[in-house]
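First the proteins, then the strands, lettered A, B, ... as listed; each starts at 1.
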2 protein chains.
Amino acid sequence: MTDRPSTPAAPDIFAALADPTRRAIVEALRAGPQPVGVLAGGLPVSRPAVSQHLKVLTDAGLARATARGNRRYYSLAPEGVESLRRYLDTLWDDALAAFARAADEKAEAKARE
Amino acid sequence: MTDRPSTPAAPDIFAALADPTRRAIVEALRAGPQPVGVLAGGLPVSRPAVSQHLKVLTDAGLARATARGNRRYYSLAPEGVESLRRYLDTLWDDALAAFARAADEKAEAKARE
DNA sequence: AAGGTCGGTCAGTCACGACTTACCGTTAGA
DNA sequence: TCTAACGGTAAGTCGTGACTGACCGACCTT
């Protein structure tokens with residue numbers, strides 16, 4: 001089990017999505033799988049740059065490529081998005097708990113005066 | 001003027017969480033509100049660095065500060081985490097849809113041969 | 001085969017951001 | 001009031017990563 005090649009982990013995904021160009025690529029991929037040339041055509045950067053970004057996204061587990069003939073179609077990888085969502089869920093719970101605790105202490109302090 | 005304190009937008013949040021030190025700060029804040037000095041004490045960087053990181057997190061809508069006496073207690077801002085989660089939800093939906101569409105096309109192509 | 005397209009990689013440049021030390025205003029105790 | 005602690009800002013250094021053009025192999029044409 002869990003024979004993941006590299007175990008992307010949420011932190012790497014944040015770094016992957018930090019770059020505006022990479023987010024633009026992700027946005028473009030939301031429409032469906034696309035080859036590198038088409039992606040580069042819709043972006044203000046060169047094709048090699050897109051290729052490098054796609055490598056980062058793939059390593060982070062956010063994208064995957066399927067070769068068909070001459071081209072490689074890249075698509076979003078739901079697993080990557082999901083692992084990020086899981087991380088945010090726990091963060092969310094802790095944030096709410098800390099928030100409630102702070103509110104309680106404030107109410108207590110106010111009641112004391 | 002339209003100073004927009006409540007328009008962090010998900011993109012900025014990704015950039016904010018891309019830095020390891022900033023993620024460590026967020027992790028520390030999960031335990032509850034803490035002053036700058038305490039945060040810096042638990043990190044391998046100087047206090048000014050922490051101060052700068054806290055500014056980035058605050059601008060991104062992920063943290064907020066409440067001054068009490070001499071110190072400023074920083075805490076996680078649930079709204080920031082929530083806006084990020086909303087963004088991921090739509091991304092998730094699109095990823096699944098594109099995935100299903102790709103699977104359909106593949107099945108069709110296989111059926112054609 | 002031969003020419004054309006697609007796309008990954010290499011080498012090099014350049015800007016940005018993550019640090020540091022030094023400094024300053026503010027608040028709490030003596 | 002004077003002094004010490006807290007913490008935000010300024011100025012400067014340095015490493016990292018985003019980009020480009022050049023090169024190369026792989027595959028689909030005719």
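- Considering only the side chain of B:Arg72, D:dG8 comes nearest among C:dG8, D:dG8, C:dG7.
- Of the candidate nucleotides C:dG7, D:dT20, C:dA18, C:dA18 has the atom nearest to the side chain of B:Arg22.
- Comparing C:dA18, C:dG8, D:dC27 against the side chain of A:Asn70 picks out D:dC27 as the nearest.
- Nearest nucleotide to the side chain of A:Ser51, out of C:dC19, C:dT9, D:dT9: C:dT9.
- Not one N or O on the side chain of B:Gln34 forms a donor-acceptor pair closer than 3.5 Å with the backbone of B:Leu29.
- Whole-Å rounding puts the A:Leu17 CG to D:dA18 P distance at 12 Å.
- Taking atom CD of residue B:Gln52 and atom C1' of nucleotide C:dT20, one finds them 9 Å apart after rounding to whole Å.
- Between A:Leu54 atom CG and C:dT9 atom P the separation is 11 Å, expressed in whole Å.
- Among the protein residues, A:Pro35 comes within range of the sugar-phosphate backbone only, with heavy atoms under 4.0 Å from sugar or phosphate atoms but none that close to a base.
- In this structure a side-chain-to-backbone donor-acceptor pair under 3.5 Å is missing from B:Arg64 to B:Thr58.
- Shown for residues 39-47 of chain B: residues whose heavy atoms fall under 4.0 angstrom of DNA chain C, namely B:Val45, B:Ser46.
- In the set D:dG8, D:dG7, C:dC6, D:dG7 carries the atom at the smallest distance from any side-chain atom of B:Arg71.
- If you check every strand for non-hydrogen atoms under 4.0 Å, B:Tyr73 touches nothing.
- Salt bridge present: B:Lys55 and B:Asp59 bring a charged side-chain N and a carboxylate O closer than 4.0 Å.
- Side chain of A:Thr21, nearest nucleotide from C:dC19, D:dA18, D:dC19: D:dC19.
- Between A:His53 and D:dG17 there is no side-chain N or O to OP1 or OP2 distance below 4.0 Å.
- Under the 3.5 Å distance criterion, the side-chain polar atoms of B:Arg23 are matched with a main-chain donor or acceptor of B:Ala18.
- Whole-Å rounding puts the A:Asp19 CG to C:dC16 P distance at 13 Å.
- For the pair A:Asp59 CG and C:dT9 C1', the computed distance is 14 Å after rounding to whole Å.
- Put simply, the side chain of B:Leu76 does not reach to within 4.5 Å of the side chain of B:Leu57, judged on heavy atoms.
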Please assess B:Arg85 against A:Asp89 for the test side-chain contact (heavy atoms from CB on, under 4.5 Å), listing each intermediate value before the final yes or no. CA-CA 8 Å; B:Arg85 248 178 48 124; A:Asp89 278 343; 2.4 Å; yes
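- Checked options B:Glu27, B:Gln52, B:His53; the residue passing with B:Arg22 is B:His53 (criterion: side chain to side chain donor-acceptor pair (under 3.5 Å)).
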